[in-house]
Peer 1: 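Let me begin by handing over the structure; questions about it come next.
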Amino acid sequence: MPRKPITFLNTEYKTQGEFGKYVKKIIYEDIGICNDIKNRYPDEHRLLIKILERHPEFDSKTKNMCNIKIDTDTLNRKGLKILIIKNDGSLVDISWRCAITGNKKSKKYELMSAMRSSIDEQIHHFRTIHLNYSCQLCGNNERLQVDHDDTKNSAFDELVLNFIQENNDTEIPDNFGELNDGTHRRCFLEQNNAFRDKWVVYHHQHALLRMLCHNCNIRRPKTKRKLIL
């Protein structure tokens, strides 16, 4: 499939990746962390608005907007995120990566995000009792992360797939809330508590966890058994 160029403000970018580098430079180099982009970087503020207009939920996310800020991504310390500041002082995240593609995050992404956030307590408990452990693969004890053990058929994707297949008579949620812990991850709505609770129990019974360092975690083989929505 040929690469589709992106035209932005009368400039053509040959690929989505090339346009992404342009956007990332504005966020990371031209601005950086800032609580008041509108007044401190007025030219870049106007550019950001035009970029964010490509986001499929731009109108709803920017309703009553008075400013934009850039902050550290809670889930990625080296990453930056864009937040819309509303007139009442509330903050709403808006994905600059979605603005690059122009595509809304998939139903699977929303579901998986909610399923991950719902088992936070189990992940935190495992991390706490393995606080003094080292990476199970290389022995490193820096930047340790809790991993679902793919080698024992316990990859997160595979657990989700098995759970959905074993509960095929249960309706899969398709609307989600957003956590207010700064991560902006999805969470289950109250009407889907039964689905959430059943999943939390299933994960507790079937998940096999291990501690891996960051490098081993991102390089580990990925399961091919995944949920398709």
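Excluded from the calculations below are hydrogen atoms, water molecules and symmetry mates; all remaining heavy atoms, backbone and side chain alike, are included.
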Peer 1: If you count heavy atoms of other groups shown closer than 6.0 angstrom to NZ of K224, is the number above 12?
Peer 2: no
Peer 1: Among residues at least two apart in sequence or on other chains, which ones pass salt bridge (Lys or Arg N to Asp or Glu O under 4.0 Å) with K61?
Peer 2: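 Expected list: D93.
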Peer 1: According to salt bridge (Lys or Arg N to Asp or Glu O under 4.0 Å), who are the partners of R210, at least two apart in sequence or on a separate chain?
Peer 2: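 Result, salt bridge (Lys or Arg N to Asp or Glu O under 4.0 Å) vs R210: D147, D149.
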Peer 1: Heavy-atom distance under 4.5 Å between the side chains of I84 and I68, does that happen here?
Peer 2: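 Yes. Closest side-chain heavy atoms under 4.5 Å.
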Peer 1: Side chains of R225 and N162: any donor to acceptor distance under 3.5 Å?
Peer 2: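 A donor-acceptor contact under 3.5 Å links the two side chains.
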Peer 1: For residues 119-127, dump all side-chain donor-acceptor pairs below 3.5 Å to protein atoms at least two apart in sequence or in another chain.
Peer 2:
from: D120; atom 1: OD1; to: R185; atom 2: NH1; distance (Å): 3.2
from: D120; atom 1: OD2; to: R185; atom 2: NH1; distance (Å): 3.2
from: D120; atom 1: OD2; to: R185; atom 2: NH2; distance (Å): 2.7
from: Q122; atom 1: OE1; to: H203; atom 2: ND1; distance (Å): 2.6
from: Q122; atom 1: OE1; to: H204; atom 2: N; distance (Å): 3.4
from: Q122; atom 1: NE2; to: V200; atom 2: O; distance (Å): 2.9
from: R127; atom 1: NH1; to: L144; atom 2: O; distance (Å): 3.4

Peer 1: Please check this pair: side chain of T62 against backbone of F58, looking for a donor-acceptor N/O pair closer than 3.5 Å.
Peer 2: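 Yes, T62 side chain to F58 backbone: donor-acceptor pair under 3.5 Å.
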Peer 1: Is any side-chain heavy atom of E57 closer than 4.5 Å to one of I94?
Peer 2: no
Peer 1: Got a sec, which residues hit side-chain contact (heavy atoms from CB on, under 4.5 Å) with N168, two or more places apart in sequence or on another chain?
Peer 2: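 Checked N168 against side-chain contact (heavy atoms from CB on, under 4.5 Å); zero matches.
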Peer 1: Measure the acute angle between the ring planes of F19 and F8, then classify it against the limits of 30° and 60° as parallel, tilted or perpendicular.
Peer 2: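 If you compare the ring of F19 with that of F8, the planes turn out tilted.
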Peer 1: Taking ILVMFWY side chains as joined if any heavy atoms are under 4.5 angstrom apart, and letting links pass through other members, which residues group with L208?
Peer 2: none
Peer 1: Would you tell me whether N64 and D88 have side-chain atoms, one donor and one acceptor, within less than 3.5 Å of each other?
Peer 2: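 There is no such pair between these side chains.
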Peer 1: Verify the neighbour count for atom CG of D43: are there more than 12 heavy atoms of other residues, nucleotides or ligands below 6.0 Å?
Peer 2: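 Yes, enclosed.
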Peer 1: Using the test side-chain hydrogen bond (donor to acceptor under 3.5 Å, both in side chains), find all partners of K38 that sit at least two apart in sequence or belong to another chain.
Peer 2: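 Partners of K38 by the side-chain hydrogen bond (donor to acceptor under 3.5 Å, both in side chains) criterion come out as none, since no residue qualifies.
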Peer 1: Can you sort out the partners of D59 under salt bridge (Lys or Arg N to Asp or Glu O under 4.0 Å), two or more places apart, ordered by chain and number?
Peer 2: none
Peer 1: Show every side-chain hydrogen bond (donor to acceptor under 3.5 Å, both in side chains) that has at least one partner inside residues 130-143, sequence neighbours left out.
Peer 2: none
Peer 1: So, using side-chain hydrogen bond (donor to acceptor under 3.5 Å, both in side chains) as the criterion, who are the partners of N217 when residues are at least two apart?
Peer 2: Q145, R220
Peer 1: With no hydrogens and no angle check, is any side-chain donor or acceptor of W96 less than 3.5 Å from a backbone partner on K81?
Peer 2: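 Flag not set: sc W96 to bb K81 has no pair under 3.5 Å.
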Peer 1: Is the side chain of S113 donor-acceptor paired with the backbone N or O of E110 at a distance under 3.5 Å, no angle test?
Peer 2: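 Side chain of S113 to backbone of E110, a donor-acceptor pair under 3.5 Å: no, none is there.
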Peer 1: In this structure, is the centre-to-centre distance between the rings of H206 and Y202 below 6.0 Å?
Peer 2: yes
Peer 1: List the residues meeting side-chain hydrogen bond (donor to acceptor under 3.5 Å, both in side chains) with K105, not counting sequence neighbours, and say none if there are none.
Peer 2: Y109
Peer 1: Where the side chain of K222 meets the backbone of I218, is there a donor-acceptor pair that is under 3.5 Å apart?
Peer 2: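 Flag set: sc K222 to bb I218 pair under 3.5 Å.
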Peer 1: For a quick test of reading the model, state the closest non-hydrogen atom pair linking E171 to F195 and the distance between them.
Peer 2: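 Taking E171 first and F195 second, the nearest heavy atoms are O-CD1, 3.8 Å.
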Peer 1: Please, which pairs that meet side-chain hydrogen bond (donor to acceptor under 3.5 Å, both in side chains) have at least one residue in residues 10-25, sequence neighbours excluded?
Peer 2: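 Qualifying pairs: K25-D30.
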Peer 1: List for me each residue that meets salt bridge (Lys or Arg N to Asp or Glu O under 4.0 Å) alongside R54, sequence neighbours excluded, and say none if there are none.
Peer 2: none
Peer 1: In terms of side-chain geometry, is the basic nitrogen of R186 or E178 positioned less than 4.0 Å from the acidic oxygen of its partner?
Peer 2: yes
Peer 1: Does any N or O in the side chain of K69 come within less than 3.5 Å of the main-chain N or O of I82, such that one atom is a donor and the other an acceptor?
Peer 2: no
